[in-house]
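Below you'll find the structure, written out as structure tokens, and then a few comments.
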Amino acid sequence: PGRLRRLLLAENLVLACGGAVLGLALAAGGLDLLVRYASRFTNRTGEIALDGWVLAFTLLIAVVAALLFAWLPGLPFSQDLGNSLAAASGGRATGSWTRRRMQRLLVVGQLAISVVLLFGAGLFLRSLLELYAVDPGFDLENVLSLEAPDYSGSDQAQRRAFTDSLLTDLGAHPEVRRAAVASGAPLTRSFPTRREFEVDGRAVESAEIPVSVFRVVSGAYFETVGTPLVAGRTFDTRDHAEAPNVAVLSRSMADHYFRGLDPLGRSLRWKQGNDQWSDPVTVVGVAADSKAEGLEQGPVHTVYLPDSQRFPPSTVLVRARDEAGRLAPQVVEKIRSLDPNRPVDHILTLEELRAEHLAPQRLNALLFSLFALLALLVAAVGVFGVLGFSVTQRTHEIGIRLAVGAEPRGVLGMVLREGVVLTLLGLLAGGAAALLLSRFLESFLFEVEPADPLTFLMVGAILLAIAVLAALGPARRATSVDPMRTLRSE
């Protein structure tokens, strides 16, 4: 028995180490892809590497697996020499029921893990689709965004002259429908804060101070990004630097602070970071709500202030008549012709900004899906292997069944039923585990319940289909058993 154990260990070491080497090769091949994809979320991607710790861990797992599967099974010769010799010589023995039960238990465990990972991947994919289906409150199509900050130290008048010239030149371009400047493009960082507001000099009573954000924009901003005005007007030449300060509010902010009254012509002021109150502004318009601060959250109270009365912003927004990305070189050339030393950065369309905004959710969905597919592949191989081994062990039984009149389709159904039973057990065990673990994913989901029944049904259908396909090979082999050969061996 000791020599047989060593023989098993040597065989398992070859298999385990071969699998470990293949896994490391796949990891090395996909490392650059992972680093490039993760670099948009963190600046620590330089720490991602296949170092000595990774190699040691992989080797340890391979050796432990080899030891476990060399010593875990019972040796047949150490239990009953007669039955073992009979099985080896083609007798009626079909192997230990305990071993067969252990094989099936391992396959059920593989299937259960696949269910958990498939369920998580399904939740993330559905959440991602829900985010893409959100109405952002602005039109993403054919809008180009770029940053052109001024680090030259020029004064407000010089920056004002640059902005006016740029917008005039862009507006005259035949491929440009609208152009504007803003303190930030939609779905870019805008630093929402909680501020106290006063309406017509009176404080507004509220159980909690809501979050609000300030955006400095030019008059054509709303038409450029496609956020409609629902009341009043946008900014124009009346709102010059010497004129009374004005503002446009988002609809939810106007409803909150004016309580159903007409906000147009009313004054508003807010407490600044130094605890001093700002100069009052007159509300001249109300814009529709948008999710410019994030697709996964509700509309944030927004105060739009005219660039003519504030420090000119550095984000340029251009709505093109056709594909916005093709306009980028011409817009950059316009900026450089007005100020050759001004840097131009972060040139993206609003659709690309949305994709960048949703990148963490896409990463979660991608990683879960990859792990789920790998687990599903392992589970399918497990079903195929166990049923194939079962058919081999039951060759004589199947031959006798066929010899006494059993239909081949009946034998086919018998093997397929065994695969379906294993799959259903895996679904039950994995479903219970998935429902327990899905609560930890709730904070990462959007408009999808952690115990989403549709996702579970889809996972069950996919797993059942894969398991049936994996079982078809052994089932068809069972129907090809020659009953005459079986009877002669008996």
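Residues: numbered from 1 along the sequence shown.
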Determine whether [X] and [Y] make a side-chain contact, defined as any pair of heavy atoms from C-beta on separated by less than 4.5 Å.
X	Y	value
Val143	Val318	no
His346	Leu146	no
Leu350	Arg354	no
Pro312	Gln156	yes
Val217	Pro313	no
Val115	Leu463	yes
Val246	Pro306	yes
Glu352	His357	no

Quick one: pull up [atom1] in [X] and [atom2] in [Y] and give me the separation to the nearest 0.5 Å.
X	Y	atom1	atom2	answer
Cys17	Asn12	SG	CG	10.5 Å
Ser114	Leu374	OG	CG	10.0 Å
His173	Leu170	NE2	CG	8.0 Å
Glu296	Lys291	CD	NZ	9.0 Å
Gln158	Asp339	CD	CG	10.0 Å
Glu198	Lys271	CD	NZ	8.5 Å

Side-chain ([X]) to main-chain ([Y]) donor-acceptor, under 3.5 angstrom:
X	Y	answer
Thr224	Ala220	yes
Asp239	Asp236	yes
Ser290	Gly137	no
Thr234	Gly219	yes
Thr302	Val300	yes
Arg269	Trp277	no
Ser145	Leu317	no
Arg362	Glu356	no
Ser127	Leu445	no
Thr282	Gly265	no

What is the minimum heavy-atom distance between [X] and [Y], and which atoms define it?
X	Y	answer
Leu111	Gly426	CB-CA, 3.9 Å
Pro263	Val286	CG-CG2, 3.7 Å
Leu249	Phe258	CD1-CE1, 3.6 Å
Phe311	Val216	O-CG1, 4.2 Å
Val116	Ala434	CG2-N, 4.0 Å
Gly473	Phe384	CA-CE1, 4.3 Å

Go through the steps for Val344 and Arg336 under the test side chain to side chain contact (heavy atoms under 4.5 Å, CB included), then give the verdict. CA-CA 9 Å; Val344 181; Arg336 296 272 165 77; 4.0 Å; yes
Pairs satisfying side-chain hydrogen bond (donor to acceptor under 3.5 Å, both in side chains), at least one member in [range], at least two apart:
range	value
residues 459-470	none
residues 433-444	none
residues 307-317	Glu147-Thr315, Arg160-Asp307

Leu305 and Val303: CA distance, side-chain angles, deciding distance, side chain to side chain contact (heavy atoms under 4.5 Å, CB included) verdict: CA-CA 6 Å; Leu305 301 172; Val303 181; 3.8 Å; yes
Apply side chain to side chain contact (heavy atoms under 4.5 Å, CB included) to Leu441 and Phe124, showing your working. CA-CA 9 Å; Leu441 301 179; Phe124 278 125; 4.0 Å; yes
Phe197 and Trp270 aromatic ring geometry - parallel, tilted or perpendicular at 30°/60° bounds: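 Tilted.
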Applying salt bridge (charged side-chain N to carboxylate O under 4.0 Å, His left out) to Asp200 and Arg266, what does each step give before you reach the verdict? CA-CA 6 Å; Asp200 294 332; Arg266 308 282 291 275; 2.5 Å; yes
Tell me, with the steps shown, if Asp139 and Val225 meet side chain to side chain contact (heavy atoms under 4.5 Å, CB included). CA-CA 6 Å; Asp139 187 2; Val225 299; over 6 Å; no
Within 6.0 Å of [atom1] in [X], more than 12 heavy atoms from elsewhere:
X	atom1	value
Phe57	CZ	no
Arg342	CZ	yes
Arg215	CZ	yes
Glu333	CD	no
Phe444	CZ	no
Glu449	CD	no

Among residues at least two apart in sequence or on other chains, which ones pass side chain to side chain contact (heavy atoms under 4.5 Å, CB included) with Leu59? Val63
Per the salt bridge (charged side-chain N to carboxylate O under 4.0 Å, His left out) rule, which among Arg319, Arg177, Arg178 passes with Glu223?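 So, applying the salt bridge (charged side-chain N to carboxylate O under 4.0 Å, His left out) to Glu223 and each of Arg319, Arg177, Arg178, only Arg178 qualifies.
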I want to know whether Phe138 and Phe222 have ring centres closer than 6.0 Å.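 Between Phe222 and Phe138, which both carry aromatic rings, the centre distance is not below 6.0 Å.
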When the side chains of residues 364-373 are checked against the rest of the protein, which donor-acceptor pairs come out under 3.5 Å, sequence neighbours left out?
| residue | atom | partner | partner atom | Å |
| --- | --- | --- | --- | --- |
| Asn364 | ND2 | Pro360 | O | 3.4 |
| Ser369 | OG | Ala365 | O | 2.6 |

Working for salt bridge (charged side-chain N to carboxylate O under 4.0 Å, His left out), residues Arg251 and Asp255: CA-CA 6 Å; Arg251 184 203 290 267; Asp255 292 343; 5.4 Å; no
Sequence neighbours left out, what pairs pass salt bridge (charged side-chain N to carboxylate O under 4.0 Å, His left out) with at least one residue falling in residues 123-134? Arg126-Asp452
